[in-house]
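Reviewing the structure listed below.
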2 protein chains.
Amino acid sequence: MPIRTGPVVVPTAVIKRLPMYYRYLQVLVDQGLERVSSRELSQLMGITSSQLRQDLSYFGEFGQQGYGYKVTELYQAICEILGIEKQYKTVLVGVGNLGRALINYQGFSRRGLNLKGIFDNNPAIIGENINDFTVRSVEELRPYLQKEAIQIGVITTPASAAQKIADLLIAGGVTGIWNFAPQHINVPEDVIVENTHIGDGLLSLFFKMKHQERLELK
Amino acid sequence: MPIRTGPVVVPTAVIKRLPMYYRYLQVLVDQGLERVSSRELSQLMGITSSQLRQDLSYFGEFGQQGYGYKVTELYQAICEILGIEKQYKTVLVGVGNLGRALINYQGFSRRGLNLKGIFDNNPAIIGENINDFTVRSVEELRPYLQKEAIQIGVITTPASAAQKIADLLIAGGVTGIWNFAPQHINVPEDVIVENTHIGDGLLSLFFKMKHQERLELK
DNA sequence: AATAGATTGTTAAAATATTGACAAAGTAAG
DNA sequence: CTTACTTTGTCAATATTTTAACAATCTATT
């Protein structure tokens, strides 16, 4: 494996594809497949084998000429690249339907997210038990964050509460925010925000359906 | 894959940004703002004004020199481009936490999605009322689709059921599928699938947190 | 151990996407 | 009406991303 000298420059386009690699490799691991070539995997994923090999080359050499890739090795490599082994301590704020969906989400723990506590401001659900977690009051959030050294906050509140919760999370020492509220959040430079806008997928579907008959192949 | 809308070929990169334009313009409409310049809007969105103007130019001319854009006009133009006015008839299959979150999702109806029915195979919840909808048995799905001329199906089932439900939807005449199950779905050429992989955002967050200082992101 | 076939990692050419610059065309105000 | 601003839509220069091609090198088979 070549030694990395100086900073490695990874194109954004490659980074955006990493979660997809993770997903497809996980399926192959689950199937117990031992070997896969860039051609096979890329066809499964709907990309070119050239792109797959080029993407991987930014992080090292994971295959063998004439053979391909060992599935579990490649999977573990992708996990490491993504930082999945890290086990970030996490809280979720906003126990509505979306929050509940995430609390019960299998992939949550599978991806190495270590959910420690869940919070809401609705007295009607504070104290309720969901999947082994007890809903706590947002009043307790700030001290809890520091006591437990929480690193990631998931925001599943309505848009109106999002910035206020984000401020609380940051004040408590959180450095990563996964925001589902349809609301732009302002944060200091050293805090990373990942926005997930569920509605965007629907709009893409609309657009493709509307223009379906005029779809042009490259 | 670029999409041809009329005589103009629209780059994929532009299409992917359309939902974002929709989101930000909606906020401005809600705020009652009358006028916005490409510089103002682009700063809000974190893109360049040049890109904003270039993007819009693929669909027509929506602004006025020396003035900018009328917010409601631009918003309506984006809605039309996206096909939001179409009011597609829709069913949702899989009334778990994610399904419930979507059924209650404001943006669902706001984006012109006309939800007609919700389905599940769990006898314990069939007949239950959620936000004015009664949960129906999956047994009834196939005939219901044809009777109501449903066009879009939303899949929020576990991965194991996704392909079976997709087959049912397609057999019933659905031409668009919004799939939340972490499962690749095979469909005929004339059916459009939009996958929303909620877990991907988490992985991106992990990656950015892990490499925040060690990798230079291009 | 030699040969045929497969597949990687890498290079550079081709295709796409983003950006800066600016003429044209408007606004605003005296 | 004129002048000083503002801002669009577009063009072309840059920058980034994707792809095709291929030498190197491994596997599999005889």
Side-chain angles (χ1 to χ4, degrees), chain A residues 1-5 7-18 20-21 25 28 33-71 73-75 77-78 81 216-218, chain B residues 1-18 20-21 25 28 33-71 73-75 77-78 81 215-218:
Chain A
M1 209 181 280
I3 296 170
R4 298 180 190 174
T5 59
V8 179
V9 177
V10 181
T12 357
V14 176
I15 292 169
K16 288 198 193 124
R17 278 190 292 271
L18 289 175
M20 177 172 62
Y21 288 124
L25 281 166
L28 298 190
L33 194 69
E34 195 176 317
R35 192 201 72 89
V36 74
S37 70
S38 63
R39 194 175 49 78
E40 290 161 347
L41 180 53
S42 65
Q43 276 178 357
L44 216 57
M45 297 175 67
I47 62 176
T48 64
S49 65
S50 197
Q51 179 163 77
L52 172 44
R53 294 198 300 277
Q54 174 92 287
D55 283 356
L56 293 179
S57 76
Y58 287 101
F59 301 101
E61 302 184 5
F62 306 102
Q64 261 184 297
Q65 278 130 328
Y67 178 81
Y69 303 87
K70 288 188 176 166
V71 172
E73 271 183 23
L74 188 55
Y75 172 71
I78 294 287
I81 291 163
E216 192 194 62
L217 285 173
K218 173 100 48 107
Chain B
M1 182 194 319
I3 289 185
R4 178 186 285 280
T5 64
V8 182
V9 174
V10 181
T12 341
V14 176
I15 292 168
K16 288 199 193 122
R17 278 191 292 270
L18 289 176
M20 177 175 59
Y21 289 124
L25 281 164
L28 299 190
L33 194 69
E34 195 176 317
R35 191 200 74 90
V36 73
S37 71
S38 63
R39 194 176 50 79
E40 290 162 347
L41 180 53
S42 66
Q43 276 179 355
L44 216 56
M45 297 175 68
I47 62 176
T48 64
S49 64
S50 197
Q51 178 162 77
L52 172 44
R53 295 198 300 275
Q54 175 92 289
D55 283 356
L56 293 179
S57 76
Y58 287 101
F59 301 101
E61 302 185 5
F62 306 102
Q64 261 183 298
Q65 277 129 327
Y67 178 80
Y69 302 87
K70 288 188 176 168
V71 172
E73 271 183 22
L74 187 55
Y75 173 70
I78 294 286
I81 291 163
L215 275 189
E216 182 187 325
L217 303 186
K218 217 182 191 179

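Residue numbers begin at 1 in each chain, while the letters A, B, ... track the order of the sequences.
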Please confirm whether the shortest side-chain N or O distance from A:Y69 to OP1 or OP2 of C:dG9 is below 4.0 Å. yes
Can you tell me how far apart CG (B:L33) and OH (B:Y75) are? Round to the nearest 0.5 Å. 14.5 Å
Can you tell me if the side-chain N/O atoms of B:R17 get under 4.0 Å from OP1 or OP2 in C:dT18? yes
What's the separation between atom OG in A:S49 and atom CD in A:E40, rounded to the nearest 0.5 Å? 11.0 Å
Would you kindly give the CG-to-C1' distance between B:D55 and D:dG9, to the nearest whole Å? 13 Å
Does A:Q54 contact D:dT19 through a side-chain donor or acceptor facing the base, at a distance under 3.5 Å? yes
Integer-rounded Å distance: C:dT27 C1' and B:Q64 CD: 9 Å
State whether B:R35 places a side-chain N or O below 4.0 Å from either non-bridging phosphate oxygen (OP1 or OP2) of D:dT7. yes
OH-CG distance between B:Y58 and B:D55, expressed to the nearest 0.5 angstrom: 7.5 Å
Interatomic distance, B:M45 CE vs C:dT18 P [rounded to whole Å]: 12 Å
Which one, D:dT7, C:dT10, C:dG26, comes nearest to the side chain of B:S37? D:dT7
Check this one for me: any side-chain N or O of B:S57 less than 4.0 Å away from OP1 or OP2 of D:dG9? no
Pick base, sugar-phosphate or nothing for A:Q51, based on heavy-atom distances below 4.0 Å to the nucleic acid. base
Quick one: is B:S50 getting a side-chain N or O under 4.0 Å of the C:dT18 phosphate, OP1 or OP2? no
Between B:Q43 (CD) and C:dT19 (C1'), how many Å, whole number? 16 Å
How many whole angstroms separate atom CZ of A:R39 from atom C1' of C:dA6? 9 Å
side-chain contact (heavy atoms from CB on, under 4.5 Å), that's the test. Do A:M45 and A:R17 meet it? Break it down for me. CA-CA 11 Å; A:M45 297 175 67; A:R17 278 190 292 271; over 6 Å; no
Whole angstrom value for the distance that separates C1' of D:dG9 from OH of B:Y67: 18 Å
With respect to the phosphate group of C:dG20, does any side-chain polar atom (N or O) of B:T48 fall under 4.0 Å of OP1 or OP2? no
From CG of A:L74 across to C1' of C:dT8 the rounded distance in Å is 13 Å
Nucleotide D:dT19, atom P - distance to CZ of A:R53 in whole Å: 12 Å
Measure the shortest side-chain to side-chain distance between B:L74 and B:L28 over non-hydrogen atoms and say whether it is less than 4.5 angstrom. no
Could a donor-acceptor pair under 3.5 angstrom be found where the side chain of A:Q65 meets the base of C:dT7? no
Looking across every strand, which nucleic acid part, if any, lies under 4.0 Å from B:S49 by heavy atom: base, sugar-phosphate, or nothing? nothing
